[in-house]
Structure formats: structure tokens, C-alpha cells
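All heavy atoms count here, side chains included; hydrogens, waters and symmetry mates do not. Letters A, B, ... mirror the listed sequences (proteins, then strands); counts begin at 1.
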Amino acid sequence: EAGVVQSPRYKIIEKKQPVAFWCNPISGHNTLYWYRQNLGQGPELLIRYENEEAVDDSQLPKDRFSAERLKGVDSTLKIQPAELGDSAVYLCASSSMGGPYNEQFFGPGTRLTVL
Amino acid sequence: AQSVAQPEDQVNVAEGNPLTVKCTYSVSGNPYLFWYVQYPNRGLQFLLKYITGDNLVKGSYGFEAEFNKSQTSFHLKKPSALVSDSALYFCAVSSIGGATNKLIFGTGTLLAVQP
């Protein structure tokens, strides 16, 4: 079974530039998560989707971040414009269901560096 | 509010010796507890979880964890460490209901197993 796929793996941009990350979850997984992991920290949830619906985006900085999950499969996370503090690893995860007791399967992440 | 504490930034152990990685948690309801492992340049991998029932949970690669409700702990253990166990370990907690229906991660513990 293929795992969660993310691209690109690395991205270096200058501040104020836009950037986008793509995620393809495990086939059949209805729940998709985007996390941000700062250096030396655990992942922090940005947004959670149940199929196409964003059911928890309370931690997403909506002034510059946006996300979409068209057709309930692939998802894209965008930052526009990027700031120096956005440098982090952006992780995508999926699970078969969104309950708090279901394990999540993580992709390798996209390491973003903002100069 | 939910929180997870991993009091040790790093744990050093000799190969063949038993290892323990500590985790304590705080939630308002019944906790669901998880351990994940992160290898360099790879996403988090699920190791094990506690939902209910037997306090001793067995997981992947010979790891186990013991849920202790009175001490609000969920320490990760392995009877005999391998060099290949060297990685970053994250404890995480979730619980049912509203804004708490999300996974909260600790800051991680780096496990270094010396040959």
C-alpha cells in the first residue's frame, strides 16, 4: 500500500513570495491533516479535512494561509505571502476516520526555508 | 486544555540495555495516547496507542508502553535496545469532544543507542 505522498520535499523561497504544498493521502482515507513542525518541536495541527470539508481550521493563519481539498482526495496548502517565521516542515497525514482514537499516517513532509 | 510533556530532550542507552522514554499528559476527559517515531528526513511513523482496556500496550518493533492513570503517564519501553532504534520519539494525546478532538504532540525525545 502506498503511503502519504507529499511534494515538493524541499522548497527555498524569499520572503513575500507565494508557495504551495501538495499532498496525496492513502487511498480510501477520508480524513486529511496538515501540520507544521518547527525545529525542535512536535507537529502542530493547521487544518483537518473530513472529505472535502474543513472541520477544524482554528490554528490556520487565515490572513496568509489557505488550503483546499477538491474532490475529497488530494490537498494543497498555500502560503501567500511567506514570512521568515514560516520556515518549518509541513507535514500531511491521513487516517481512515477522523476520530481521536485513530492513528494517523504521515507523509515525509516539505521542508520550507524562507530567506 | 490538553498537553503532553516529554521531560527528557535526549535519552542515551547502550545497545542491549532496556530503554524508557517518559511521557506525561493532561486532558479533561479520557485520554487516547499515542507514540510515534521519526527517522531523519522521514515522516512520523505510528508505534502504538492506548485507547482503553489493558494498561500495557504492545506495538511495533518490540516497543511497549504502560498507561498509568494515577500518574497520568504513558512511558515507552523496550527490553533490549538496538542501534537502529535511534530516532526522535513523540508522545501524543487526544480526547473526545469539540476543540479537543485533535492530536497534541510533545516536543519529542531523541533516543541515542550506543553500540
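- Ring-centre distance between B:F105 and B:F34: not below the 6.0 Å cut-off.
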Please report, to 0.1 Å, the donor-acceptor pairs under 3.5 Å made by any side chain of residues 90-99 of chain A, with sequence neighbours excluded.
from, atom 1, to, atom 2, distance (Å)
A:Y90, OH, A:D86, O, 2.7
A:S94, OG, A:I26, N, 3.4
A:S94, OG, A:H29, ND1, 2.8
A:S95, OG, A:Y33, OH, 3.0
A:S95, OG, A:M97, O, 2.6

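- Chosen from A:G109, A:G40, A:P43, A:S58, the residue pairing most often with chain B at heavy-atom distances under 4.5 Å is A:P43.
- In terms of non-hydrogen atom pairs under 4.5 Å with chain B, the most contact-rich of A:R111, A:E44, A:Q104 is A:Q104.
- Among A:E103, A:Q41, A:Q37, the residue making the largest number of heavy-atom pairs under 4.5 Å with chain B is A:E103.
- Residue B:Q45 does not touch chain A at all, counting heavy-atom pairs closer than 4.5 Å.
- Listed for the B:T20 side chain is no donor-acceptor partner under 3.5 Å among the backbone atoms of B:K77.
- By number of non-hydrogen pairs under 4.5 angstrom with chain A, the leading residue of B:I104, B:I51, B:L44 is B:L44.
- B:Y89 has its ring centre less than 6.0 Å from the ring centre of B:F63.
- There is no contact between B:Y39 and chain A, counting heavy-atom distances below 4.5 Å.
- In this structure, A:Y35 has its ring center closer than 6.0 angstrom to the ring center of A:F106.
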